[in-house]
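Scope of the values below: all heavy atoms of this structure, side chains included, with no hydrogens, waters or symmetry mates. A quick note: this is a predicted structure, and the numbers were derived from the prediction, not measured. Atoms within a ligand are numbered from 1 in the order they appear, just like the ligands themselves.
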Amino acid sequence: MKGHGVLSKRLNSQERVFMAKWAQTSEANMKYQSTRGAEEELSTSEAINRGLASDGGLYMPSEWPVFKIGDFDGLDRLPDIACKLLTPFFSGDKLLAELPQICEEAFNFPVPIVDLEDKLSILELFHGPTAAFKDVGARFLSACMRRINEGAEKDLNILVATSGDTGGAVAAAFDAVPGINVVVLYPKGLVSPRQEHQLCCWSDNVTSLRVEGSFDHCQAMVKEAFADEGFNREFRLTSANSISIGRLLPQMTYYAMASLLHYRKKNLPVSFVIPTGNVGNSLACLWARKVGMPIADIVLATNSNKTIVDYLDSGDWQPRASKATLASAMDVGAPSNMERLRNMFPEMDEIRQAVSAQSVSDDEIRQEIVAVFGKYKMPVCPHTATAFRVYAQLTEKQKDQDWILVATAHPAKFETIVEPLLGQAVDLPPALAEILNMPARRKDIGATLAELRQAMQER
Ligand SMILES: *Cc1c(COP(=O)(O)O)cnc(C)c1O
């Protein structure tokens with residue numbers, strides 16, 4: 001097959017072992033293991049339902065299927081490609097038989113690839129209910145969890161810390177789902193007004209808590225709650241953050257779709273620039289490449305929270321406090337999913353071969369929003385602007401390749417930043433307009449576990 005050389009060259013020795021193992025055990029059940037080495041091996045449903053491993057690690061699939069491009073012949077809709085791609089990840093699981101329906105339910109909005117130039121396109125991931133890419137993962141997670149927990153005696157409580165988009169997407173996806181509650185923690189003053197509304201306008205099963213602190217504080221509270229046995233027992237907790245395997249798996253599917261459609265058209269693998277915060281979206285792209293999708297380079301665009309960029313430069317992993325930027329959904333100083341990346345690529349050389357990263361300042365984000373509008377008459381959100389900026393800074397040689405920039409949110413969600421720069425209004429997508437008309441409510445709490453417990457008891 002043409003192009004196969006490009007793909008196989010990218011497999012490192014570890015991946016070849018995985019491949020061989022998979023070939024022998026393709027009938028085997030897929031298991032999930034912690035990055036921190038706990039003995040437990042979970043089924044897909046168990047790993048999805050639990051969120052975080054008992055030793056505090058993150059779940060990784062124990063084996064990697066390897067696809068050939070031809071395996072997807074005749075499939076071009078996202079739900080169909082998704083079902084094919086995810087089937088081995090559900091092998092032996094009780095949800096396997098329902099995977100086609102789960103995919104139809106979760107991927108029920110368009111994910112268009114828009115061509116801007118001969119070698120440049122964007123992948124628009126923001127046509128879901130809350131106008132950001134997190135709808136994809138959240139809707140899939142919800143479709144799985146509601147099936148897994150049907151008939152359970154005690155309500156499940158999903159605890160989610162959000163720097164903006166996660167909480168809205170999760171709340172929307174679980175809105176009014178019986179037997180499952182959502183508790184959203186978000187940092188006061190650090191999310192856009194429209195984002196905040198999306199966190200606070202749902203049914204009674206969704207509780208929105210505005211925390212006196214940063215996103216890192218919110219995340220720390222969630223971690224503390226999970227580590228607290230009494231808290232867990234009282235509330236039957238689970239997570240829906242981007243550490244959840246139930247969100248990562250579905251995010252692989254749009255990279256599979258985009259790269260396959262591109263390959264069919266051009267006979268070439270495609271490279272991606274991905275706006276990055278907690279590394280969930282970009283990790284999914286790495287996973288898609290690992291299982292054989294025709295993907296060449298993966299470049300991470302961060303805002304000025306540049307923990308990852310510094311790590312790739314220096315080899316020192318130095319998580320730090322986050323700082324507020326215009327691309328607020330990427331304000332992460334201690335990206336959790338790096339633990340998975342480092343688990344996949346134990347050697348620094350391997351990580352550097354797998355990905356590169358560049359940081360984009362607020363000034364550059366502003367310039368880029370203006371520049372992209374000037375060039376393509378297309379408003380972009382501050383997160384998407386980081387990808388455009390990183391693309392603009394690629395070498396001419398890199399630009400000889402075909403690139404897809406990932407557009408992670410609709411610009412209307414960040415109108416207070418985008419509209420003054422463009423000097424004109426950005427049209428609201430209909431789904432977002434509908435949400436903004438619903439009444440909102442929230443509760444203020446301090447950044448402590450005690451206040452979180454009280455708020456959840458008073459629910
Ligand atoms: C969450 C988010 C990101 C960052 O994605 P990660 O998976 O956390 O790296 C980028 N852009 C937008 C709009 C987001 O909501």
Hey, is the main chain of [Y] close enough, under 3.5 Å, to the side chain of [X] for a donor-acceptor pair?
| X | Y | value |
| --- | --- | --- |
| Ser314 | Asp316 | yes |
| Thr384 | Thr408 | yes |
| Asn337 | Asn278 | yes |

- request: Measure from NZ or CZ of Lys188 to the centre of the six-membered ring of Tyr186, then state whether that distance is under 6.0 Å and the direction lies within 45° of the axis.
  value: no
message: Whether Lys84 engages the ring of Phe67 as a cation-pi pair (distance to the six-membered ring centre under 6.0 angstrom, angle to the ring normal within 45°) should be assessed.
response: no
query: Phe133 and Phe126: aromatic ring centres closer than 6.0 Å?
result: no
message: My understanding is that only one of Lys31, Gln33, Met344, Glu339 makes a side-chain contact (heavy atoms from CB on, under 4.5 Å) with Met60; could you say which?
response: Met344
Proximal ligand 1 atoms for Met330, defined as those under 4.0 Å from one of its heavy atoms: 3 (C), 4 (C), 10 (C)
Residue and atom name of the nearest protein heavy atom (relative to [atom]), distance in Å to one decimal:
| atom | value |
| --- | --- |
| atom 13 (C) of ligand 1 | Asp165 OD2, 3.1 Å |
| atom 4 (C) of ligand 1 | Gly277 N, 3.5 Å |
| atom 11 (N) of ligand 1 | Thr408 OG1, 2.8 Å |
| atom 6 (P) of ligand 1 | Asn278 N, 3.5 Å |
| atom 7 (O) of ligand 1 | Asn281 N, 2.8 Å |

Test your reading of the structure: does [X] have an N or O sitting under 3.5 Å from an N or O of ligand 1?
| X | result |
| --- | --- |
| Ala329 | no |
| Gly280 | yes |
| Ser282 | no |
| Thr276 | no |

message: With a heavy-atom distance limit of 4.0 Å, tell me whether Val279 approaches ligand 1 through its side chain, its backbone, both, or neither.
response: backbone
message: Any carboxylate oxygen within less than 4.0 angstrom of a Lys/Arg side-chain nitrogen, looking at Arg50 and Glu40?
response: yes
- request: Would you please classify the geometry between the Phe140 ring and the Phe107 ring as parallel, tilted or perpendicular, with 30° and 60° separating the classes?
  value: parallel
field: ligand 1 contacted by Phe133 (non-hydrogen, < 4.0 Å)
entry: yes
query: Which is closest to atom 14 (C) of ligand 1 by heavy-atom distance: His383, His410, Lys134?
result: Lys134
